[in-house]
**Student:** 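Next up is a structure, given as structure tokens.
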Amino acid sequence: EVQVVESGGGVVQAGGSLRLSCVASGFVSDDYTIGWFRQAPGKEDYEGVSCISRSDGRIYYANSVKDRFTHTGDNAKNTVYLQMDTLKPEDTATYYCAIDFRELGCDTYLPYGMSYWGKGTLVTVSS
């Protein structure tokens, strides 16, 4: 059974930093894509935050986080990280890590989501 577990959320002041971690397990394939998504309080929609392309390693970011967030990964550990700097109150959200094994690109995953999701970790940025 595929499992995805996020950690690292918390409360931080605007301008501060946090690093989220995500560990995926329960599979043997090396062909997968892991992405980060977030859901702001009171909103139904999810926003695709970042994703690493399985084909060429290119990293995709939402415009709202570009140049502030950094997505990195450790394939040997099936682990990815989201370094979040210069945080803003509008970054407050539950952050989800997700994984997918289909041969789709980040340009599809980020707007439409992935197959397996973690339970999320809450990030609160105070002003």
Side-chain angles (χ1 to χ4, degrees):
E1 178 185 0
V2 176
Q3 290 189 325
V4 181
V5 179
E6 310 95 337
S7 62
V11 180
V12 63
Q13 287 190 330
S17 299
L18 277 177
R19 189 177 83 153
L20 306 183
S21 300
C22 168
V23 179
S25 62
F27 58 92
V28 296
S29 173
D30 290 332
D31 293 327
Y32 58 83
T33 304
I34 294 183
W36 287 97
F37 299 81
R38 67 185 182 183
Q39 185 182 38
K43 293 194 174 181
E44 293 186 1
D45 293 339
Y46 293 84
E47 178 185 18
V49 174
S50 64
C51 172
I52 295 181
S53 170
R54 61 187 279 171
S55 61
D56 59 9
R58 177 183 170 187
I59 305 175
Y60 290 72
Y61 294 99
N63 288 333
S64 58
V65 307
K66 201 171 293 183
D67 299 327
R68 298 188 299 119
F69 289 12
T70 305
H71 180 142
T72 58
D74 184 340
N75 289 339
K77 297 181 180 179
N78 291 341
T79 301
V80 295
Y81 306 95
L82 186 67
Q83 177 67 40
M84 306 185 295
D85 297 317
T86 319
L87 282 161
K88 304 175 181 179
E90 51 263 44
D91 294 318
T92 294
T94 298
Y95 285 72
Y96 297 89
C97 181
I99 189 171
D100 205 294
F101 302 93
R102 296 172 292 174
E103 293 184 5
L104 301 174
C106 288
D107 54 349
T108 298
Y109 287 131
L110 286 180
Y112 296 108
M114 294 182 172
S115 296
Y116 301 92
W117 293 66
K119 294 183 178 179
T121 185
L122 178 62
V123 172
T124 302
V125 184
S126 61
S127 57

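Model, not experiment: these values are computed from the prediction. Basis for what follows: all heavy atoms, side chains included, without hydrogens, waters or symmetry-related copies.
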**Student:** Show your working on side-chain contact (heavy atoms from CB on, under 4.5 Å) between Leu20 and Val123 and close with a plain yes or no.
**Tutor:** CA-CA 9 Å; Leu20 306 183; Val123 172; 4.0 Å; yes
**Student:** Should Tyr96 and Ile52 be regarded as members of a common hydrophobic cluster, given that ILVMFWY residues are connected when their side-chain heavy atoms come within less than 4.5 Å of each other, either directly or indirectly?
**Tutor:**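 No: no chain of side-chain contacts under 4.5 Å links Tyr96 to Ile52.
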**Student:** Strictly by disulfide (SG to SG under 2.5 Å), give each pair with a member in residues 16-63 just once, sequence neighbours left out.
**Tutor:** Cys22-Cys97, Cys51-Cys106
**Student:** Any chain of hydrophobic side-chain contacts (each under 4.5 Å) joining Phe37 to Val65?
**Tutor:** no
**Student:** Can you see which heavy atom on Ser127 is nearest to which on Ala14, and at what distance?
**Tutor:** CA-CB, 4.4 Å
**Student:** Counting only heavy atoms not in Asp56, do more than 12 fall under 6.0 Å of its CG?
**Tutor:**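 Result for CG/Asp56: enclosed.
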**Student:** Are the side chains of Thr33 and Ser53 in touch, meaning some heavy atoms are under 4.5 Å apart?
**Tutor:** no
**Student:** Side chains of Thr72 and Val80, heavy atoms from C-beta outward: is any pair under 4.5 Å?
**Tutor:** no
**Student:** Pair Thr124, Val12 - check side-chain contact (heavy atoms from CB on, under 4.5 Å), show working.
**Tutor:** CA-CA 6 Å; Thr124 302; Val12 63; over 6 Å; no
**Student:** For side-chain contact (heavy atoms from CB on, under 4.5 Å), just list the numbers for Tyr81 and His71, CA-CA rounded to whole Å, side-chain angles, deciding distance to a tenth of an Å, and then say yes or no.
**Tutor:** CA-CA 6 Å; Tyr81 306 95; His71 180 142; over 6 Å; no
**Student:** Working to the nearest 0.5 Å, report the span between OG of Ser29 and CG of Asn78.
**Tutor:**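 Result: 9.5 Å between the selected atoms.
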**Student:** Nearest 0.5 angstrom please: Glu1 CD to Ser25 OG, how far?
**Tutor:**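 So the CD of Glu1 and the OG of Ser25 are separated by 9.0 Å.
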**Student:** Under the 3.5 angstrom rule, does the side chain of Thr94 hit a backbone N or O of Leu122 as a donor-acceptor pair?
**Tutor:**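 Judged by distance alone, no pair lies under 3.5 Å.
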**Student:** Do Arg38 and Tyr95 form a cation-pi contact, if we require the NZ or CZ to be under 6.0 Å from the six-membered ring centre and within 45 degrees of the ring's axis?
**Tutor:** no
**Student:** Going from CG on Asp85 to CG on Leu18, what distance comes out if it is rounded to the nearest 0.5 angstrom?
**Tutor:**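 Answer rounded to 0.5 Å: 9.5 Å.
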**Student:** According to a hydrophobic-cluster definition based on side-chain heavy atoms being under 4.5 Å apart (Ile, Leu, Val, Met, Phe, Trp, Tyr only), do Val49 and Val23 belong together?
**Tutor:** no
**Student:** To check you understand the geometry: which heavy-atom pair defines the closest contact between Gln83 and Ser17, and what is its length?
**Tutor:** NE2-CB, 3.9 Å
**Student:** Got a list of side-chain donor-acceptor pairs under 3.5 Å for residues 109-121, not counting sequence neighbours?
**Tutor:**
from   : atom 1 : to     : atom 2 : distance (Å)
Tyr109 : OH     : Asp100 : OD1    : 3.2
Tyr109 : OH     : Arg102 : O      : 2.7
Ser115 : OG     : Asp100 : OD2    : 2.6
Trp117 : NE1    : Met114 : O      : 2.6
Thr121 : OG1    : Gly9   : N      : 3.0

**Student:** If two hydrophobic side chains count as joined below 4.5 Å and joins carry through other members, does Tyr60 share a cluster with Phe101?
**Tutor:**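 Not linked; separate clusters.
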**Student:** If two hydrophobic side chains count as joined below 4.5 Å and joins carry through other members, does Val4 share a cluster with Tyr46?
**Tutor:** no
**Student:** Indicate whether the side chain of Asp67 and that of Tyr61 have a donor and an acceptor atom separated by less than 3.5 Å.
**Tutor:**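 Judged by distance alone, the side chains do not pair up.
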**Student:** How many angstroms lie between CD1 in Ile59 and OG in Ser50, if you round to the nearest 0.5 Å?
**Tutor:** 8.0 Å
**Student:** For Glu47 and Ser64, which I'm curious about, is there any donor-acceptor pair between the side chains at under 3.5 Å?
**Tutor:**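 Looking only at side-chain atoms, Ser64 and Glu47 do form a donor-acceptor pair, the distance falling under 3.5 Å.
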**Student:** Applying salt bridge (charged side-chain N to carboxylate O under 4.0 Å, His left out), name anything that partners Arg68, two or more places apart in sequence or on another chain.
**Tutor:** Asp91
